Undergrad: 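Below you'll find the structure I mean.
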Amino acid sequence: MIAIGSDHGGFELKEAIKKHLEAQGVAYKDLGCYSAESVDYPAQAKKVCDEITAGNARLGILCCGTGIGISMAANKCKGIRAACCMDYFSAKYTRLHNDANVLCMGGRVVGPGLACELVDVFLNTEFEGGRHQRRVDQVMALENE
Ligand code: RB5
């Protein structure tokens, strides 16, 4: 299952991504927001991250206006490695090398066509492990300092 969420700035993009996931038969849980009414992105980030850390969701997708604020908030949640990606290479390599578990995008930055391509590569690329595991472990150890 994939957890997905947004603030108002990413709402339309989230809705487009949901349609794309449905067309592909990918199961998801929408943690809101549920309209274009203004909401604060940190709370939205936490809802999606909680689904991942609880083990309910394999990966998450978060959208705000830029993708940046919601990625900052997500990265404050323990166990989360959120990557704000607006290009294909980054979305692929953040899975391969960083084992990112949340993809963040900006609804005011990328269109739905590109965003859905980024979602596809993010969801379908596995972590390479090996030397990258050591580095990811070092990243996660920073949570305890
Ligand atoms: C909301 O206007 C906007 O600030 C938010 O969606 C996001 O872009 C923050 O990083």
Side-chain angles (χ1 to χ4, degrees), residues 1-128 132 135-145:
M1 196 266 283
I2 304 303
I4 185 165
S6 75
D7 74 352
H8 55 290
F11 174 69
E12 271 185 37
L13 185 59
K14 172 173 70 69
E15 294 304 298
I17 293 168
K18 278 165 57 183
K19 280 199 189 112
H20 179 71
L21 294 176
E22 278 161 29
Q24 298 204 327
V26 176
Y28 67 83
K29 183 172 179 183
D30 181 4
L31 282 303
C33 59
Y34 304 111
S35 78
E37 197 178 318
S38 181
V39 286
D40 296 336
Y41 57 81
Q44 301 309 116
K46 187 173 185 319
K47 287 176 195 170
V48 164
C49 293
D50 283 350
E51 287 292 317
I52 295 168
T53 50
N56 301 329
R58 181 171 73 88
L59 295 169
I61 299 168
L62 282 168
C63 306
C64 68
T66 58
I68 297 170
I70 211 155
S71 68
M72 288 179 170
N75 276 316
K76 298 289 182 190
C77 300
K78 280 207 167 191
I80 296 301
R81 292 175 299 281
C84 182
C85 300
M86 310 290 184
D87 68 275
Y88 189 90
F89 187 91
S90 300
K92 178 176 179 176
Y93 275 81
T94 198
R95 287 288 306 129
L96 285 172
H97 288 187
N98 312 129
D99 199 16
N101 50 12
V102 178
L103 172 66
C104 303
M105 292 173 290
R108 297 170 183 159
V109 185
V110 291
L114 173 57
C116 291
E117 292 281 320
L118 303 184
V119 165
D120 286 348
V121 72
F122 185 82
L123 298 185
N124 296 313
T125 302
E126 292 301 319
F127 178 48
E128 256 180 26
H132 302 295
R135 295 161 184 166
V136 170
D137 290 344
Q138 289 169 8
V139 170
M140 300 322 283
L142 295 173
E143 285 183 346
N144 304 317
E145 288 190 10

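Start at 1 and go down the list; that is how both ligands and their atoms are numbered. Everything numeric here is computed off the predicted structure, so don't read it as measured data.
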Undergrad: Looking at atom 2 (O) of ligand 1, what's its closest protein heavy atom, distance included?
TA: R108 NH1, 3.2 Å
Undergrad: To check you understand the geometry: which heavy-atom pair defines the closest contact between H8 and C33, and what is its length?
TA: N-SG, 3.8 Å
Undergrad: Tell me, which protein residue and heavy-atom name are nearest atom 8 (O) of ligand 1, and how many Å apart are they?
TA: T66 N, 2.9 Å
Undergrad: Who are the salt bridge (charged side-chain N to carboxylate O under 4.0 Å, His left out) partners of K46, not counting sequence neighbours?
TA: D50
Undergrad: Do NZ/NE/NH1/NH2 and the carboxylate oxygens of E22 and K19 come within less than 4.0 Å?
TA: no
Undergrad: Could you name each residue pair satisfying ring-ring contact (aromatic ring centres under 6.0 Å, His included) that touches residues 81-128, not counting sequence neighbours?
TA: F89-Y93, Y93-H97, H97-H132
Undergrad: Name the closest protein heavy atom to atom 9 (C) of ligand 1, giving the residue it belongs to and the distance to 0.1 Å.
TA: Y41 CE2, 3.5 Å
Undergrad: Just to be sure I'm reading this right: ignoring hydrogens, which of P42, S6, G67, G69 gets closest to atom 10 (O) of ligand 1? Compare them by their nearest heavy atoms.
TA: G69
Undergrad: Just which atoms of ligand 1 are under 4.0 Å from any heavy atom in G65?
TA: 5 (C), 6 (O), 7 (C), 8 (O)
Undergrad: V102 and side chain to side chain contact (heavy atoms under 4.5 Å, CB included): which single residue from N75, I52, L59, I61 fits?
TA: I52
Undergrad: Can you tell me if H8 has a non-hydrogen atom under 4.0 Å from ligand 1?
TA: yes
Undergrad: Where do A115 and V110 come nearest, in terms of heavy atoms and distance?
TA: CB-CG2, 4.1 Å
Undergrad: With heavy atoms of C64 as the reference, note each atom of ligand 1 found under 4.0 Å away.
TA: 6 (O), 7 (C), 8 (O), 9 (C), 10 (O)
Undergrad: Between T66 and C84, what is the shortest heavy-atom contact and its length?
TA: O-SG, 4.0 Å
Undergrad: Is the shortest N/O to N/O distance between I68 and ligand 1 below 3.5 Å?
TA: no
Undergrad: I'd like to check atom 4 (O) of ligand 1 in this structure: does the protein have a heavy atom lying under 4.0 Å from it?
TA: no
Undergrad: Which bit of D7 gets closer than 4.0 Å to ligand 1, counting heavy atoms only: side chain, backbone, both or neither?
TA: side chain
